[in-house]
J.: 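Below you'll find the structure I mean.
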Amino acid sequence: MRVSQFFLSTLKEAPAEAELASHRLMLRAGLIRRLGSGLYNWMPLGLRVLRKVEAIVREEMNKAGALELLMPAVTPAELWQETGRWEVFGPQMLKIKDRHERDFCFGPTHEEVITDIARKEIRSYKQLPLNFYQIQTKFRDEIRPRFGVMRAREFVMKDAYSFHTDKASLEQTYEVMYQTYSNIFTRLGLQFRAVRADTGAIGGTGSHEFHVLADSGEDAIAFCPDSDYAANVELAEALAPTTPRAEPAQAMQKVHTPGAKTIEQLCDFLKVTPQQTLKALAVMHNDAFSLLLLRGDHELNEIKLQKILDPFRFATPEEIERHMGGKAGYIGPVGVSVNIIADRAVTAMSDFVCGANDEGYHLAGVNFGRDLPLPTQVADIRNAVAGDPSPDGKGALEICRGIEVGHIFQLGNKYSQAMEATYLDENGQHQVMEMGCYGIGVSRIVGAAIEQGNDDRGIIFPEAIAPFQVAIAAIGFDRSETVREAAVKLHDELQNAGFDVLLDDRGERPGVMFADLELIGIPHRITIGERGLKEGQVEYQARKGGEMQTVALAEVQNFLKEACLA
RNA sequence: CGGGGUAUAGCUCAGCUUGGUAGAGCGCUGCGUUCGGGACGCAGAGGCCGCGUGUUCAAAUCACGCUACCCCGACCA
């Protein structure tokens, strides 16, 4: 491909809307253009990348025995009403009416549609198991679309759904998909991690998310460097402390702490660490008041709390005063008779600081057993933090951030039951199918890959998904017959040899060409100029860095073959 | 949804406080000079100042309404 026949639309400055590196670079490189909130045009350059991602996903899915099909993006309301998700999905679902005032939605996912296919088409256990997938545009009306294609409303997703006679078969396919996903992300050239995920209300026995590791990721992942344990921080169990509570060393005393309403202010004021403080959070469960106790440096995990109090909400200042007798900002567990739920870590605290239930005062040197009873209700209600022991007992947890690009799920029979997707078993009896589902955020992967691969000059694409593998920067293309001939010849040769090659034939100044080619992230660059051609040589530069190398023109093809494999 | 902010040339932004009829840089077009890391000169094109209603002799500028877009949003007691 020649630049003069292609469409490069690079920008020196990024539009103000973008804050994330990958979003800025995708706009600057001209991969995408915004059409509306959460809606993006994929420009020719960007589409090449997207298609390469799709191709790898498709190849690996096929290899795993999954069968590609294609379902409509617009789906009738009746199917969603059968499972109740017409209501459950809520405003995230884009609902539309046709000319006859019939209800439809733009599919946010396709469990209902595929289950409808299964119940109509599958009769016998002999047909199972089956794994169908599609690569298709989805729409979810996100509350706040952001980060470009990373959290867009319309996006491309690969979604697969498997059907089974029993759980054992489902688990088998789940394992195959787990491996397939690992293969896909490895081939894509991404650093990723499979993490345990919430099985939540949907039930089922297993679920893993696949995360591309990046500091800007929206999810926090707790992982153990000494084992393969990894879980979303929301799910990672914070174990009970193993060290016993220290004996009281201080007497309890009331200290005047004017204005110290937050843990941070309190620590500043009393010159203590957050670990020595105890914070109390007031929540309401229906009409019942509860006081939650957490160590000052820990955060409440609402998902965990919800398993104890569902639903719950934070108490209003009026409710706090009514139940505690003290003002918000200075509440504590000493001398009160309300329901108390303590985090596990709290039970190991001694000589701690907490609110005195008296505006402007805290208590210091507080100890369980002496100044107040040890809480009877103790639970894991906090987020795991770095340094916590790993739940699998092998070392300490670390926290990193990730971008969720894949999710595999053992669904069980939630949808097949609701929609009566059954088959006849060996005994001629109707049985409900077991289902699994497996998603990959195809368009999000492009953003995630750039998030993981970029520098101050632009994008650094992994070899496998770069829009072009090799760029030829022809210096003086417009005015040097020698350069023109050599560049075109090299371009044709490389193309015939199977390289995805882009020839910059614009005759631009070298700086302009280099800047553009680096911005769009092409992994390999060959520079052809009159100077080198006199010696029969060209220059090679890898996008990832490394020294500029001189290569004999005749050797370029072999050289690139090695470079591309490396 | 709640809070905050922005809207002026293709992009990044100034002008608005103090009303007087539109600006810069980049990009784009033409010509010339340049030519191994985003060149330079000259000449151009390009704007219903988001939309609407008011105030005024006069509105990008002031007021009100609308729309779009962006940012933040448990608690840290």
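None of the values given here were measured: they were computed from a predicted structure. Convention: sequence-line order gives letters A, B, ...; per-chain numbering from 1.
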J.: In whole Å, I'd like the distance from the NE2 atom of A:His23 to the P atom of B:C69.
T.: 13 Å
J.: What nucleotide, of B:C76, B:C72, B:C35, holds the atom closest to the side chain of A:Glu19?
T.: B:C72
J.: What does B:C1 pair with, Watson-Crick or G-U, if both distances are under 3.5 Å?
T.: B:G73
J.: Heavy atoms only, 4.0 Å cut-off, all strands: where does A:Arg531 land among base, sugar-phosphate and nothing?
T.: base
J.: In whole angstroms, how far is the C1' atom of B:C76 from the NE2 atom of A:His362?
T.: 11 Å
J.: Taking B:C42 as the reference, what is the distance to B:A24 when you measure between their P atoms (whole Å, please)?
T.: 14 Å
J.: What's the gap between B:C13 and B:G50 when it is taken at their P atoms, as a whole Å value?
T.: 15 Å
J.: Under the criterion salt bridge (Lys or Arg N to Asp or Glu O under 4.0 Å), which of A:Arg457, A:Arg28, A:Lys544 is the partner of A:Glu518?
T.: A:Arg457
J.: According to the Watson-Crick and G-U wobble definitions, with both distances under 3.5 Å, which nucleotide is paired to B:C57?
T.: B:G20
J.: Between A:Glu493 and A:Lys489, does at least one N-O distance fall below 4.0 Å, as a salt bridge requires?
T.: yes
J.: Rounded to whole Å, please give me the gap between CZ in A:Phe514 and P in B:C35.
T.: 16 Å
J.: For the pair A:Arg382 and A:Asp297, evaluate salt bridge (charged side-chain N to carboxylate O under 4.0 Å, His left out) and give the outcome as yes or no after the intermediate values.
T.: CA-CA 10 Å; A:Arg382 68 175 173 96; A:Asp297 58 323; over 6 Å; no
J.: Could you pull out all residues at least two apart from A:Arg153 that satisfy side-chain contact (heavy atoms from CB on, under 4.5 Å)?
T.: A:Ser37, A:Leu39, A:Phe139, A:Asp141, A:Glu142, A:Pro145
J.: Strictly below 4.0 Å, heavy-atom distances to any atom of RNA chain B: list the hits from residues 346-355 of chain A, or just say none.
T.: none
J.: Is A:Arg48 positioned over the aromatic face of A:Phe468, cation under 6.0 angstrom from the ring centre and no more than 45 degrees off axis?
T.: yes
J.: Considering only atom C1', compute the distance from B:A45 to B:U29 and round it to an integer number of Å.
T.: 7 Å
J.: If B:G41 has a Watson-Crick or G-U wobble mate with both distances under 3.5 Å, name it; if not, just say none.
T.: B:C31
J.: Using a cut-off of less than 4.0 Å, is there contact between a side-chain N or O of A:Ser37 and OP1 or OP2 of B:A68?
T.: no
J.: Under a 3.5 Å limit for both distances, which nucleotide forms a Watson-Crick or G-U wobble pair with B:G47, could you say?
T.: none
J.: Is it true that a side-chain atom of A:Asn301 and a backbone atom of A:Lys304 form a donor plus acceptor pair closer than 3.5 Å?
T.: yes
J.: Look at the side-chain N and O atoms of A:Arg509 and state whether any lies under 4.0 Å from the OP1 or OP2 oxygen of B:G38.
T.: no
J.: Pairing check on B:U6: which nucleotide meets the Watson-Crick or G-U wobble criteria with it, both distances under 3.5 Å?
T.: B:A68
J.: Which whole number of Å gives the distance between the P atom of B:U33 and that of B:C26?
T.: 22 Å
J.: May I ask you to verify if any side-chain N or O of A:Arg144 is less than 4.0 angstrom from the OP1 or OP2 atom of B:C72?
T.: yes
J.: Classify A:Asp297 by what it touches in the nucleic acid, base, sugar-phosphate, or nothing, heavy-atom distance under 4.0 Å.
T.: nothing
J.: Which listed nucleotide (B:C11, B:C70, B:G38) is nearest to the side chain of A:Glu13?
T.: B:C11
J.: Tell me the closest heavy-atom pair linking A:Leu517 and A:Ala473, and the distance in Å.
T.: CD1-CB, 4.0 Å
J.: Does the structure show a Watson-Crick or G-U wobble partner for B:A14, both distances under 3.5 Å? Name it, or say none.
T.: none
J.: Whole-Å distance between B:C75 C1' and A:Glu319 CD?
T.: 15 Å
J.: Looking across every strand, which nucleic acid part, if any, lies under 4.0 Å from A:Leu294 by heavy atom: base, sugar-phosphate, or nothing?
T.: nothing
J.: Considering only atom P, compute the distance from B:G10 to B:G47 and round it to an integer number of Å.
T.: 8 Å
J.: Cation-pi check, A:Arg525 to A:Phe514: give yes when NZ or CZ is under 6.0 Å from the six-membered ring centre and within 45° of the ring axis, no otherwise.
T.: yes
J.: How would you label the contact of A:Ile143 with the nucleic acid (heavy atoms, under 4.0 Å): base, sugar-phosphate, or nothing?
T.: base
J.: Report yes if a donor N or O on one partner sits less than 3.5 Å from an acceptor N or O on the other, where the partners are the side chain of A:Glu518 and the base of B:G37; otherwise report no.
T.: yes
J.: Using the C1' atom as the point on both nucleotides, what is the distance between B:C66 and B:A7, in whole Å?
T.: 14 Å
J.: For A:Glu17 and A:Asp478, find the nucleotide of RNA chain B closest to each by heavy atoms; which residue's nucleotide sits nearer the 5' end?
T.: A:Asp478
J.: Identify whether any heavy atom of A:Arg295 sits under 4.0 Å from a base atom; if not, whether one sits that close to sugar-phosphate; answer base, sugar-phosphate or nothing.
T.: nothing
J.: Rounded to the nearest angstrom, tell me the gap between atom CD1 in A:Ile475 and atom P in B:G37.
T.: 8 Å
J.: Using the P atom in both, what is the distance from B:A9 to B:U61, to the nearest Å?
T.: 15 Å
J.: CD of A:Glu530 versus C1' of B:C35: gap in Å, rounded?
T.: 11 Å
J.: For A:Arg525, answer base if it contacts any base atom (sugar-phosphate contacts may also be present), sugar-phosphate if it contacts only those atoms, and nothing otherwise; contact means non-hydrogen atoms under 4.0 Å.
T.: base
J.: Does A:Arg382 reach a base, just sugar-phosphate, or nothing at all? Heavy atoms under 4.0 Å.
T.: nothing
J.: Can you check whether A:Phe368 and A:Phe352 have ring centres sitting under 6.0 Å from each other?
T.: yes
J.: Determine the Euclidean distance between corresponding P atoms of B:G5 and B:C62; express it in Å to zero decimal places.
T.: 15 Å
J.: Regarding A:Asp103 and A:Lys97, does a basic nitrogen lie under 4.0 Å from an acidic carboxylate oxygen?
T.: yes
J.: Nearest heavy atom decides the nucleotide; on that basis, is A:Ala16 or A:Ala280 closer to the 5' end of RNA chain B?
T.: A:Ala16
J.: How many Å lie between CG on A:Asp505 and C1' on B:C35, as a whole number?
T.: 17 Å
J.: Could you work out which one of B:C26, B:C11, B:C69 sits closest to the side chain of A:Pro15?
T.: B:C11
